Amino acid sequence: MRICVVTGSRAEYGLLKNLITLISNSSQQILQLIVTGSHLSTKFGNTYREIQNDGFHIDRELNLYLDVDDPMGIAKAASIGLVGFTEAYNTLRPDLLLVLGDRYEILSAVIAAAFSRIPIAHIHGGELTEGALDESIRHSITKFSHLHFVANEEYKKRVIQLGENPKKVFNVGGLGVDAIKSTELVSREILEEITGVKFNKKNLLITYHPETLRNNQENKENFRQLLLALASLEETSCIFTMPNADVGNEILYEMLQEFISHNNYAYLVKSFGQKNYLSCLSHVDAMVGNSSSGITEAPTFKIPTINIGDRQKGRLSAKSILNCGADCMEIKKSIKKSYDKDFRKFIANTTSPYGVSGASSKIFSVLKNVNLSSLINKKFYDLEGF
């Protein structure tokens, strides 16, 4: 079986890495890897190199030309992807397409696979992100897909609610937890040497993306409120990762560069790589921003997440998540609470709603035994009593 995996971002690849390894090492399956999106962008750190350094062969690089940061640019990138993926499938002839998540480049990959009559397996469907366009994209990918691997029972019910056959929906847990449990983390000293980051008395990891249902001016103001809150902190290292390749990222990137140039305690790491990113999470006091990582991965390290705005609204959350608006005073109040001794004691035994580990092995086990001939013809599953 030729299994084609598409990856378009550093975060997504980090989640898929263990599963890609299992497929690559299998005697029954052939791994095909298509790399696209921000992986091929210098601005975002050329993270395709991380994939190569991990020893994986990239079968096709599909450049979507992400230099234009506006709705037309994103729409053009998606259209380039639709053509490019179709051509790639025509050459590679995969038996199954495997994708994760909810980004526009993944939607292009899935639509092209549907036109090419290739069965599709989708990971992390059924989730909600009400403040992002990703919400619609994720559910659309679900309807194109034939196998579904979800992170918990609530998400499984939602995928079935969308008309998918319960026998084709598997609750395997979250891949983020799986990655943490299987990664050998590095020390603070080694991390400082590798990244140039200097840890302080207090340390925060910050990832803030544009809210894709807001305009650029709104995103700019929201990010300004976060930077104002961070500027007021004392003896605190602020370790930023890049905003992702959504509309509005260029404005946030420029603001971030300006902030770092005037603050000696602020650092930008364009691409940690999975091991170093998870290691950093293990060494900081809290995570700040609106990244899904703050919801799905940070709780495993028993650290608080200050989740700002609506981008992740609707996701199942652990008790360690502090939700607040994009307002300087609210953010400062939440950061202060994250250091409160009683709160940290309260979250010391927090459990993640995204499982414990083993998601990659569970997915791989299903893929080994799947009957491809029965997948393509889908029938809408009506809920009883509808």
Side-chain angles (χ1 to χ4, degrees), residues 128-132 199-244 246 248-268 280-281 284-299 301-348 350:
L128 299 182
T129 49
E130 296 174 9
F199 287 93
N200 211 322
K201 184 177 181 179
K202 296 179 179 180
N203 303 281
L204 299 173
L205 180 61
I206 303 133
T207 301
Y208 192 88
H209 304 305
E211 287 191 14
T212 48
L213 294 182
R214 296 187 184 275
N215 61 42
N216 283 350
Q217 194 57 41
E218 290 173 317
N219 278 313
K220 182 178 180 179
E221 176 57 24
N222 290 349
F223 193 46
R224 189 180 75 87
Q225 293 292 319
L226 170 57
L227 296 180
L228 283 173
L230 296 174
S232 68
L233 302 178
E234 298 179 353
E235 298 183 292
T236 305
S237 283
C238 296
I239 307 165
F240 290 88
T241 65
M242 285 284 289
N244 65 15
D246 283 328
N249 76 81
E250 186 63 34
I251 293 173
L252 302 192
Y253 180 50
E254 290 174 359
M255 294 173 67
L256 180 53
Q257 288 180 308
E258 178 71 13
F259 181 80
I260 290 173
S261 69
H262 291 94
N263 294 277
N264 293 331
Y265 59 84
Y267 306 89
L268 171 62
C280 189
L281 259 182
V284 298
D285 303 310
M287 186 168 181
V288 181
N290 61 5
S291 168
S292 61
S293 179
I295 309 293
T296 61
E297 295 172 0
F301 291 102
K302 312 297 183 185
I303 62 171
T305 294
I306 293 88
N307 180 55
I308 302 169
D310 293 336
R311 186 178 173 93
Q312 301 301 331
K313 186 177 180 181
R315 281 196 193 273
L316 292 177
S317 299
K319 295 178 180 179
S320 56
I321 311 301
L322 295 168
N323 296 304
C324 69
D327 172 79
C328 176
M329 296 308 296
E330 282 192 52
I331 296 168
K332 288 170 66 174
K333 184 179 178 180
S334 295
I335 292 175
K336 183 178 180 180
K337 183 175 180 178
S338 74
Y339 283 99
D340 180 80
K341 291 182 179 179
D342 289 337
F343 179 71
R344 296 190 81 90
K345 184 178 180 180
F346 171 70
I347 69 170
T350 189

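In this text the structure is predicted, and so the values were computed from the model without any measurement. Atom set for the values below is all heavy atoms of this structure, side chains included, hydrogens, waters and symmetry mates excluded.
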My understanding is that only residues two or more places apart in sequence, or in another chain, count here; which of them pass ring pair (Phe, Tyr, Trp, His ring centres under 6.0 Å) with F259? F240

Minimum heavy-atom distance L204-V284, with the two atoms named: C-CG1, 4.2 Å

Salt bridge (Lys or Arg N to Asp or Glu O under 4.0 Å) filter on E297, not counting sequence neighbours, yields none

All salt bridge (Lys or Arg N to Asp or Glu O under 4.0 Å) counterparts of E130, not counting sequence neighbours: none

Enter the distance from N203:CG to L233:CG here, rounded to the nearest 0.5 Å. 11.5 Å

Donor-acceptor contacts under 3.5 Å from residues 250-257 side chains, at least two apart:
| from | atom 1 | to | atom 2 | distance (Å) |
| --- | --- | --- | --- | --- |
| E250 | OE1 | K43 | NZ | 2.5 |
| Y253 | OH | Q257 | NE2 | 3.1 |

Summary of ring-ring contact (aromatic ring centres under 6.0 Å, His included) pairs that have at least one residue in residues 302-322, sequence neighbours excluded: none

What residues, two or more places apart in sequence or in another chain, satisfy salt bridge (Lys or Arg N to Asp or Glu O under 4.0 Å) together with R214? E211, D310

Heavy-atom pair of closest approach, residues A298 and T305: CB-OG1, 3.4 Å

Supply the atom-to-atom distance N264 CG to S237 OG, rounded to the nearest 0.5 angstrom. 10.5 Å

Counterpart residues, side-chain contact (heavy atoms from CB on, under 4.5 Å), relative to E235 (two or more places apart): N200, K201

List the atom of L281, the atom of S293, and the distance in Å for their closest heavy-atom pair. CD1-OG, 4.2 Å

Hey, could you give me the NE2/CD1 distance between H209 and I308, rounded to the nearest 0.5 Å? 12.0 Å

What heavy-atom pair brings P299 and G294 nearest, and what distance separates the two atoms? CD-O, 3.6 Å

So ring-ring contact (aromatic ring centres under 6.0 Å, His included) across residues 308-346, not counting sequence neighbours, yields none

Exam field: side chain T236 to backbone E234, donor-acceptor pair closer than 3.5 Å: yes

Please name the pair of heavy atoms, one in S261 and one in E258, separated by the smallest distance, quoted to 0.1 Å. OG-O, 2.6 Å

Under 3.5 Å, sequence neighbours excluded: what are the donor-acceptor pairs made by side chains of residues 314-322?
| from | atom 1 | to | atom 2 | distance (Å) |
| --- | --- | --- | --- | --- |
| R315 | NE | Q312 | OE1 | 2.4 |
| R315 | NH1 | E127 | OE1 | 2.2 |
| S317 | OG | R315 | O | 3.2 |

Should C280 and I239 be marked as a side-chain contact (heavy atoms from CB on, under 4.5 Å) after you check the CA-CA gap, both sets of side-chain angles, and the distance that decides it? CA-CA 9 Å; C280 189; I239 307 165; 4.0 Å; yes

With sequence neighbours left out, write down each residue that passes side-chain contact (heavy atoms from CB on, under 4.5 Å) with T212, or none if nothing qualifies. A132, L133, D246, R311

Determine which pairs satisfy ring-ring contact (aromatic ring centres under 6.0 Å, His included) with at least one residue from residues 213-232, sequence neighbours left out, and list them in order. Y208-F223

Going by atom type alone, with no hydrogens or angles, which donor-acceptor pairs under 3.5 Å involve a side-chain atom of residues 326-333 and a protein atom two or more places apart or on another chain?
| from | atom 1 | to | atom 2 | distance (Å) |
| --- | --- | --- | --- | --- |
| D327 | OD2 | M329 | N | 3.1 |
| D327 | OD2 | E330 | N | 3.1 |
| E330 | OE1 | G325 | N | 2.8 |

Quick check: closest heavy atoms across K302 and I347, and the distance to 0.1 Å? O-CD1, 3.8 Å

Separation between NZ of K313 and CG of N307, rounded to the nearest 0.5 Å: 11.5 Å

Would you kindly say whether E221 and Q225 are connected by a side-chain donor-acceptor distance under 3.5 Å? yes

Can you tell me how far apart CG (L226) and CG (N290) are? Round to the nearest 0.5 Å. 9.0 Å

Trace of the side-chain contact (heavy atoms from CB on, under 4.5 Å) decision for D285 with S338: CA-CA 8 Å; D285 303 310; S338 74; over 6 Å; no

Drop me the distance from D342's CG to R344's CZ, to the nearest 0.5 angstrom. 12.5 Å

